[in-house]
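Letters A, B, ... mirror the listed sequences (proteins, then strands); counts begin at 1.
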Amino acid sequence: MNAAAATHETSHSAHLEVTSWVQLLARATAPSAFSDFLTQWEKVIFSAILVALISFLAIFVSKGLKLIPDRRQTFAEILIGGLDEVVCGIISAKGRKYTPFLGSLFIYIFVSNMFGLIPLQNSIMAFITTTAPIAVFVFLYVQWTGIKENGILGYLYHLCGSPKDIVSWCLVVLMLPLHILGEFIKPVSLSFRLYGNIMAGHVLLAVFMMLGVQMLAPLHIPAGVPLHFPFLFLEMLVGTIQAFVFTLLSTVYIAMMLPHEHEEHETVTLN
Amino acid sequence: MDMTFQTALSIFLPLSLGIAAFGSAMGLGKAVSGAMEATARQPEASAKILTSMLIGCAFIEALTIYALIVVFTLSAKIG
């Protein structure tokens, strides 16, 4: 039972973790430079496989675009059109130029979460070292968008809370630190939300896997009851929702940075 | 039994997670009940209401997850 328990724990983290094929391979080629390389670069290997897979899928889908689409092109159009709708629904029609960035965020997080549920694999979003750089990059992109759209003075003016009358100008002393703190809190919450949800889900899977293995421990066979099977569906749901929430929040942050002109309300005529 | 910091952590970490779960359960209950009432009023908008409810639930759940992360980080210190 100790050996079975050891297959589900790693020594690096404080919590249970599901073993992946990279870790198994590293354990098989135990004390060698290749094994150290594998343990150190495990998440980068997963990430590289993911990026290659998404790129191949994208190239495969977009070969030979026709005006009247066939099934494969229709599927891609539904996906990309849906993402475009979400982004443009929040940023209004000029959000079209932000769709590539936000759409790829969604696709990357979604595919990596789904990949983590295949047996013998781990989702790279279950580690803070993966979600934090993505959140930091979104933060930098949002600030860059603010500076590019508003100009550097307009960006600082926006950070002061856009003071218009004498009361707002007196409150600048209060609003400026608050807004700066708010800007820094956003990537922290983005990264921790994604990390916590996915990691908690995988710890749940690992605990149930260990329970399943311990149930068959008296038989001394390297097998276990798949008790974790219902939670795979929960993890699929959570992975999708978290990818969507990450993308939605990034869209909202970009929308808040853009200049809010006096909105031209499209008047709907009731005819 | 003297109170070492390990004893204190062992008492308060699960307790804090329970309090966080209680708070999020109340918040989620309100959110889901609002969504169900809205769906009962207008069943043809149920897809949009479901999407908004799921997004709201993800936000509420995130606060409980922060407490869970703290528990995981500190639980290594209990011996």
Side-chain angles (χ1 to χ4, degrees), chain A residues 9-17 82-83 85-87 89-90 106 109-110 113 125-129 131-132 135 185-204 206-207 234-253, chain B residues 4-25 27-36 38-39 44-79:
Chain A
E9 296 177 25
T10 58
S11 49
H12 303 298
S13 50
H15 52 268
L16 285 183
E17 217 178 69
L83 286 172
E85 247 182 66
V86 167
V87 172
I90 299 184
F106 175 77
I109 302 179
F110 176 67
N113 283 341
M125 297 295 159
F127 306 98
I128 191 67
T129 49
T131 63
I185 272 292
K186 285 171 190 168
V188 170
S189 84
L190 268 184
S191 61
F192 271 103
R193 181 182 299 114
L194 183 60
Y195 159 60
N197 271 293
I198 309 298
M199 178 198 73
H202 283 268
V203 168
L204 182 72
V207 165
L234 175 70
E235 280 315 297
M236 279 195 234
L237 184 69
V238 167
T240 315
I241 294 180
Q242 287 310 313
F244 187 61
V245 165
F246 197 99
T247 309
L248 199 71
L249 272 182
S250 311
T251 316
V252 168
Y253 295 157
Chain B
T4 58
F5 80 97
Q6 282 146 338
T7 316
L9 274 183
S10 312
I11 300 179
F12 286 111
L13 277 181
L15 191 63
S16 75
L17 199 52
I19 296 177
F22 169 68
S24 104
L28 281 173
K30 268 195 90 78
V32 174
S33 98
M36 292 212 202
T39 310
E44 53 267 8
S46 72
K48 277 190 151 206
I49 296 175
L50 179 73
T51 311
S52 309
M53 179 196 90
L54 282 180
I55 298 174
C57 289
F59 282 123
I60 303 172
E61 203 72 48
L63 300 169
T64 315
I65 300 287
Y66 298 163
L68 183 68
I69 294 177
V70 171
V71 166
F72 274 144
T73 314
L74 286 179
S75 70
K77 296 205 175 269
I78 310 182

Next on the checklist: Before you tell me yes or no, could you show the steps for B:Thr64 and B:Ser24 under side chain to side chain donor-acceptor pair (under 3.5 Å), namely the whole-Å CA-CA distance, both residues' side-chain angles and the distance that decides it to 0.1 Å?
Outcome noted: CA-CA 6 Å; B:Thr64 315; B:Ser24 104; 3.2 Å; yes
Checklist outcome for this item: The interface call for A:Phe192 against chain B, heavy-atom contacts under 4.5 Å, is both
Next on the checklist: Checking B:Thr4 against B:Thr7: is there a side-chain donor and acceptor pair closer than 3.5 Å?
Outcome noted: yes
Item to check | Side chain, backbone, both or neither of A:Val203 within contact of chain B (heavy atoms, under 4.5 Å) | outcome: side chain
Next on the checklist: I'd like to check A:Phe106 versus A:Phe244 (side-chain heavy atoms, cut-off strictly below 4.5 Å). Are they in contact?
Outcome noted: yes
Next on the checklist: Using a 6.0 Å cut-off, check whether atom CE of B:Met36 has over 12 heavy atoms from anything other than its own residue.
Outcome noted: no
Checklist outcome for this item: When the 4.5 angstrom heavy-atom criterion is applied to B:Leu54 and chain A, the contacting part is both
Item to check | Closest contact, heavy atoms only, B:Ile49 versus B:Ala35 | outcome: CG2-O, 3.6 Å
Checklist entry - With only heavy atoms counted, which part of A:Leu194 is less than 4.5 Å from chain B, the side chain, the backbone, both or neither? => result neither
Checklist entry - With only heavy atoms counted, which part of B:Thr51 is less than 4.5 Å from chain A, the side chain, the backbone, both or neither? => result side chain
